[in-house]
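Structure record follows, encoded as structure tokens.
Chain letters run A, B, ... following the sequence lines, proteins first and then strands; every chain starts at 1.
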2 protein chains.
Amino acid sequence: MYYQQEAKFIVAVDGIILGFRNNELYVLITKRIFEPLKGKRSLMGGFPRIHESLDEAAVRVIHEYTGLKNIRIEQVGAYGDIDRDLGSRVISVAYYALINMEQYDDKLNRSHHAEWVNIKNIGKLVLDHNRMLKDALKIIRRRAATRPIGFDLLPQKFTLPQFQALYEAIYQTAIDKRNFRNRIQQMDILEKLDEKDKLNSKKGAYYYIFNKKKYDMLLEQGYSVSFIHIF
Amino acid sequence: MYYQQEAKFIVAVDGIILGFRNNELYVLITKRIFEPLKGKRSLMGGFPRIHESLDEAAVRVIHEYTGLKNIRIEQVGAYGDIDRDLGSRVISVAYYALINMEQYDDKLNRSHHAEWVNIKNIGKLVLDHNRMLKDALKIIRRRAATRPIGFDLLPQKFTLPQFQALYEAIYQTAIDKRNFRNRIQQMDILEKLDEKDKLNSKKGAYYYIFNKKKYDMLLEQGYSVSFIHIF
DNA sequence: GCAAAAGTGTTAGGTGTACACCCATGA
DNA sequence: TCATGGGTGTACACCTAACACTTTTGC
């Protein structure tokens, strides 16, 4: 063992957990059950264990709050301002995860005092959590601009109006229907089903599923479509 | 004080310090002067102090190694695999900095066993430092694609061939002279001087300086030019 | 005069974006 | 029959990328 003379820090992981329902983006927000700031609205957080990597800790924490396994996470960054946490000097590493709200176990809401909050109505969160959320969204938007993100966010079968609504929610902007569908079609990674969703319209919208094999092939070839022009 | 029962971690900061000279990109690499892995090639690293933010620690560490003040840093990310450091469980936060090699104090090289290594010839670095470097380059490329990065890397007066060479070094690709210049001209953020650099050619290339005021104005307007198409 | 690097414009093809109407169905 | 949301194609402007020759000057 080396470095024994160095200062040690409390390290936390915080999770920005996003879901999509009724054409709106939601963030999983909890009420802190411990001091300081007990009762205030906060992202899902936890502390890595000594035998866990940061990524593993993030996956575990998100699992504890959502009951979901096999989630993909991506790191947002490390937050290390001195007074960012009122409780102590804490360095926090933020991760985001996109999850399918249909698979989410709603029972966990109650046990964790968690709720899905529409991303438009997120108020003040504790500490620097608003900044974390903002940073996560930036990364998600960048990602979504070049690849068809959100297969994690959508149910397995989804309609094109749904898919488009997801993009509109991510960018908070209206997208032309025809342009959106043209681009999707170009990519050729969706499979149209014979089945229709008749909940949202009388005519009904065809369901699609995602052809993962084709998508992975395209990625390997370094493929990228610019979905939305944001840069 | 709260969270006292949580595990504490040794936290490090590592710096990817990039410079540009003779049309090539260089990384500042040191030989570790402490165990473990003493004598092996490594990025510049250090440990944040209790009263320092992570950003401050990164600035301080880079200052210690380069003598430079007023450097801009950007976080690359946190690295938290369990066995990433042989010495102990260490979580490291990486930062990159682009510096002007002309202003760099060469005396520090010797006192820190540091040397500038051409980015093409970086061999194996200790621990996960190769991955950090790769991640930093990804961020730098993304940044350079949409804004005229590298005013930090270039001397105050620079020529267009130099500026282009910088982009070629960042992307490791050849760029058409006329296209590059057209784009630069469109941005209208350079000022041509009457003076010429005659070191690299008989004809001589005009020096330019960067018009920061115009650049900042453009940034405020949410301006972005796609310099190079990489996505 | 000649080698070596600097400097300079145009064009064709592709991509982004704006845009309007018909279709299917339940009520 | 009508109101509602689903589905479809094109034209124009702009941007990207390809491309070749002249200029200057030290040797």
Exercise for the section: Using distance alone, with no hydrogens and no angle criterion, decide if A/Asp14 and A/Tyr79 have a side-chain donor and acceptor under 3.5 Å apart. Expected result: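 Distance-only check fails for A/Asp14 and A/Tyr79.
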
Practice task
Indicate whether any N or O donor in one side chain lies under 3.5 Å from an N or O acceptor in the other, for B/Asp135 and B/Tyr96.
Solution key: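 There is no such pair (donor and acceptor under 3.5 Å, judged by atom type) between the side chains of B/Asp135 and B/Tyr96.
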
Practice task
Compute the ring centroids of A/Phe158 and A/Phe151, then answer whether they are less than 6.0 Å apart.
Solution key: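 Yes, they do, as the ring centres are separated by less than 6.0 Å.
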
Handout entry: Ion pair check, A/Arg60 and A/Glu64, cut-off under 4.0 Å
Key =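 Between A/Glu64 and A/Arg60 there is a salt bridge, with a charged N closer than 4.0 Å to a carboxylate O.
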
Record whether the side chain of [X] comes under 3.5 Å of the base of [N] through a donor-acceptor pair of N or O atoms.
| X | N | result |
| --- | --- | --- |
| B/Asn200 | C/dA6 | no |
| A/Lys203 | C/dA24 | no |
| A/Lys177 | D/dG7 | yes |
| B/Lys198 | D/dG26 | no |

Exercise for the section: Look only at the side chain of A/Tyr167 and the backbone of A/Ile149, and say whether a donor-acceptor pair between them is shorter than 3.5 Å. Expected result: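 Checking the backbone N and O of A/Ile149 against the side chain of A/Tyr167, a donor-acceptor pair under 3.5 Å is found.
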
Problem - Whether B/Asp128 side chain and B/Arg131 backbone form a donor-acceptor pair below 3.5 Å - result: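 The answer is no, because no donor-acceptor pair under 3.5 Å joins these two groups.
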
Problem - A/Gly204 or A/Arg178, whichever maps to the more 5' nucleotide of DNA chain D - result: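 Comparing both residues, the 5'-ward one is A/Gly204.
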
Practice task
Please give the angle, rounded to 10 degrees, between the axes at the start and the end of the helix from C/dG1-D/dC27 to C/dA27-D/dT1, where five pairs define each axis.
Solution key: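 Between the axes fitted at each end of the helix from C/dG1-D/dC27 to C/dA27-D/dT1 lies an angle of 10°.
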
